[in-house]
Q: 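Sharing a structure below in structure tokens format, with a few things to ask.
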2 protein chains.
Amino acid sequence: MSESSTASRPTLEAVAARAGVSRATASRVVNGGDGVREPLVERVRRAVEELGYVPNQAARSLVTRRHDAVAVVIAEPETRVFADPFFALQLRGISKELTAHDSQLVLLLTEGRDDHARVGRYLAGGHVDGALVFSLHLDDPLPELIHGAGVPTVFGGRPGWGDGTRSAASPVYVDSDNRGGAREAVRHLAALGRTRIAHITGALDQTSAVDRLDGFRDVMVDADPRLIAEGDFTPAGGERAMRQLLDGCPDLDGVFAANDLMASGALRVLRERGLRVPDDVALIGFDDMLPVAEQTDPSLTTVRQDIEEMGRLMARLLLRGLSAGAATVGSAGAGSQEGLVGAPSSVVLPTTLVRRASA
Amino acid sequence: MSESSTASRPTLEAVAARAGVSRATASRVVNGGDGVREPLVERVRRAVEELGYVPNQAARSLVTRRHDAVAVVIAEPETRVFADPFFALQLRGISKELTAHDSQLVLLLTEGRDDHARVGRYLAGGHVDGALVFSLHLDDPLPELIHGAGVPTVFGGRPGWGDGTRSAASPVYVDSDNRGGAREAVRHLAALGRTRIAHITGALDQTSAVDRLDGFRDVMVDADPRLIAEGDFTPAGGERAMRQLLDGCPDLDGVFAANDLMASGALRVLRERGLRVPDDVALIGFDDMLPVAEQTDPSLTTVRQDIEEMGRLMARLLLRGLSAGAATVGSAGAGSQEGLVGAPSSVVLPTTLVRRASA
DNA sequence: GCAGGATCAGGGAGCGCTCTCAGCAGTACG
DNA sequence: CGTACTGCTGAGAGCGCTCCCTGATCCTGC
């Protein structure tokens, strides 16, 4: 029979009564206190304190049409994705930023196609002020749905459909400099004196994989096609690709894998074939996924991206867009994609090469 | 200027008008349609469809005092915790279950002590119907705060303060059978003919670590104290503990580490000292943390817990308690801890030994 | 010392929904 | 054929809050 149950939660009315002011004045104080004289502010503050008043968010939302909540949509077709700390870190960054702005984080995990409709409905339902979306695959229907829902959105990772390809205004996104990071990795291998450098790509329906491949090509301008093998971001895929590479080109002396997981698979194959790393073959991964990169033997040289910062930035961009939109469009017209007009556009974060033992 | 912005979202009123019924009837249909004759139900359904009506959750919550939302609180003092897929999987399980019951998942990540107060305030604010809490440390103030907030809660992992130690009713929680899993691991080592079996504990301010240690002791009833070394669930801690164990007892032939991360550290030390695994020393971990357990060389024999199922169960328990509470206490009195009276109590899930190469 | 302007408090409407309660069918029975 | 009863439907009252707008208060300038 806790006191905080229904019957006893104080309302603004109660606070006003106790402070001897009107509901309106109490409301002003609770929402910042502008335009209320100091002594009254003080009295209301004390009443709030004494009563343990907490505003009823539902009542507030009903009239303001703001929710102080942001949806985070993680489309997750593969279990693999979730098995790495990527999203956890990103969530952390997002959470920090939202918390600092008194917004809540509503997590929407999708499981297969049917779920997309559910998410679309939820977003369209106007339950949140905006959405942060991780769109992983080129053919993902999610962006379309979200655009249809008319919710201000920031994407994590460059959406597959590029900029302006569709009728929609170009999307706002936060991404790592995948291409630049890849370039740096390959250049590092070259600087080590390696000349026959191979690349194990990620799943090429994801922009990150495509961008890393592009980065590889930037440096290895006319690479032998046999030096490129398509992987899928999994360790098994890395093994497969490594075998294929070695079969096609046994004398390769450097490998850049599009993520650490594949690098670890590649490492096993290299060892299995009696090749020493980094002596015979230098190996570089991507992500700096700690439990993997640090635990391999030899430890993995890799390209680090600041994942938590990406999350934080996504949230910041969204919130900024939200308030900018509100200021521009006016309180009555907020909520549409136009809410992001005038807001800063996409951000690409730099990567850093982390040198360990494998290259 | 998307159509879904403020002005145009249809209200129940609009649906009712279009269907030629009253708001009340429309509401009944939207909420299940009991007690409304079929032709009217049909008409309302069509109107909803045509108008693309989505109920305004804020307005609904305002009167029902339900939110169809559950908070998930993850206290996370250490980065380590987040670096493993544990929470991700648990979240997935939770999400699935909540989705099936049309509830939303509000994620609350805490960062340091100050954040606890924030979480307490939020929970007490009555923004959610219940909470799922991961309380990791014995001295965590969170459970106290949550009890104070009077929100129905299910814990992930046995809370440190045991059952009934505090004045609170014994908490509802979902946990793995840490003790039983540990026993099975140690028995497996014994069955392999190992007699000098050591244990690397986890951070002993966490119940999972304590329980695993207890399981070890259950089998190794009078183990030499030198065969137990305290770790901290990190690879580095595993290395340290392994060194300590080997120094104190160079002829040990089996090691049970309280998690896979520490096992991987131990593995490195064993190799470094020229000991073969599993020939000289058999090694078992805990968690079956795939990116680690499968990638080590040799791959790790370990104790698997069904993490996703844990999450699902937590959510199920909470939701069941919520509806049970509502039925018992009546719609006016829900929301207090009593909401869980009569609900099923804690659940401990079985673990399974996964045999790989290390033991 | 008083009008005029600025500033600030309060009354009241209404956000969209649920739910109680009264009322009106339709049916069965006297 | 009238009455009682069951079963649906609709009118209306708020849930707690914000915000517009009116009215009161205070200060400034002449």
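Chain identifiers are assigned alphabetically (A, B, ...) following the order of the sequence lines, protein sequences preceding nucleic acid strands; residue numbering begins at 1 within each chain.
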Q: Looking at B:Val30 and B:Arg60, what are the two nearest heavy atoms and their distance?
A: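 Heavy atoms only, the tightest pair is CG1-NH2, 3.8 Å.
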Q: Would you say B:Ser27 reaches C:dT18's phosphate, i.e. side-chain N/O to OP1/OP2 under 4.0 Å?
A: yes
Q: In whole Å, I'd like the distance from the CG atom of A:Asp34 to the P atom of C:dT7.
A: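 Between P of C:dT7 and CG of A:Asp34: 14 Å.
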Q: Got a sec, which pairs hit salt bridge (charged side-chain N to carboxylate O under 4.0 Å, His left out) with one end in residues 19-36 of chain B, sequence neighbours left out?
A: B:Glu13-B:Arg23
Q: Might you point out which heavy atoms bring A:Ile146 and A:Val133 nearest each other, and give the distance in Å?
A: CD1-CG2, 3.3 Å
Q: Which heavy atom in A:Ala149 sits nearest to a heavy atom in A:Gly120, and how many Å separate them?
A: CB-O, 4.2 Å
Q: Using side chain to side chain contact (heavy atoms under 4.5 Å, CB included) as the criterion, point out the one residue from B:Val128, B:Val151, B:Leu132 that pairs with B:Val70.
A: B:Leu132
Q: Does A:Arg65 have a side-chain nitrogen or oxygen under 4.0 Å from the phosphate oxygens OP1 or OP2 of D:dT18?
A: no
Q: Under 4.0 Å from any atom of DNA chain C, heavy atoms only: list the residues of residues 11-26 of chain B that qualify, in numerical order.
A: B:Thr11, B:Leu12, B:Arg23, B:Ala24
Q: Measure from the side chain of A:Val63, starting at C-beta and using heavy atoms only, and say which of D:dT9, C:dC15, D:dG14 lies closest.
A: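 Closest nucleotide to the A:Val63 side chain: C:dC15.
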Q: Among B:Val44, B:Val15, B:Leu12, find the residue that satisfies the side chain to side chain contact (heavy atoms under 4.5 Å, CB included) test when tested with B:Ser27.
A: B:Leu12
Q: Which heavy-atom pair separates A:Pro143 from A:Asp140 by the least distance, and what is that distance?
A: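 Closest pair (atom of A:Pro143, atom of A:Asp140, distance): CD-O, 3.2 Å.
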Q: Between the protein and nucleotides 21-28 of chain D, are there any N/O to N/O pairs under 3.5 Å, and if so, what are the atom names and distances?
A:
none

Q: Over how many whole Å does the gap from B:Leu40 atom CG to D:dG10 atom C1' extend?
A: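 It works out to 12 Å between those atoms.
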Q: Give me the residues of residues 50-61 of chain A where at least one heavy atom lies under 4.0 Å from an atom of DNA chain C, by number, or none.
A: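 Nothing qualifies; none.
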Q: Roughly how bent is the helix from C:dG1-D:dC30 to C:dG30-D:dC1 end to end, in steps of 10 degrees, with each end axis from five pairs?
A: 50°
Q: Regarding A:Arg312 and A:Glu309, does a basic nitrogen lie under 4.0 Å from an acidic carboxylate oxygen?
A: yes
Q: Might you point out which heavy atoms bring A:Leu62 and B:Leu62 nearest each other, and give the distance in Å?
A: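 For A:Leu62 and B:Leu62, the tightest heavy-atom pair comes out as CD2-CD2, 3.5 Å.
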Q: Expressed as a whole number of angstroms, how long is the span from A:Leu62:CG to C:dG14:C1'?
A: 9 Å
Q: Listing request: all ring pair (Phe, Tyr, Trp, His ring centres under 6.0 Å) pairs with a residue in residues 94-122 of chain A, at least two apart in sequence or in separate chains.
A: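 Those involving residues 94-122 of chain A are A:Tyr122-A:His127.
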Q: How close do B:Leu123 and B:Ala71 get, heavy atom to heavy atom, and via which atoms?
A: CD1-CB, 3.9 Å
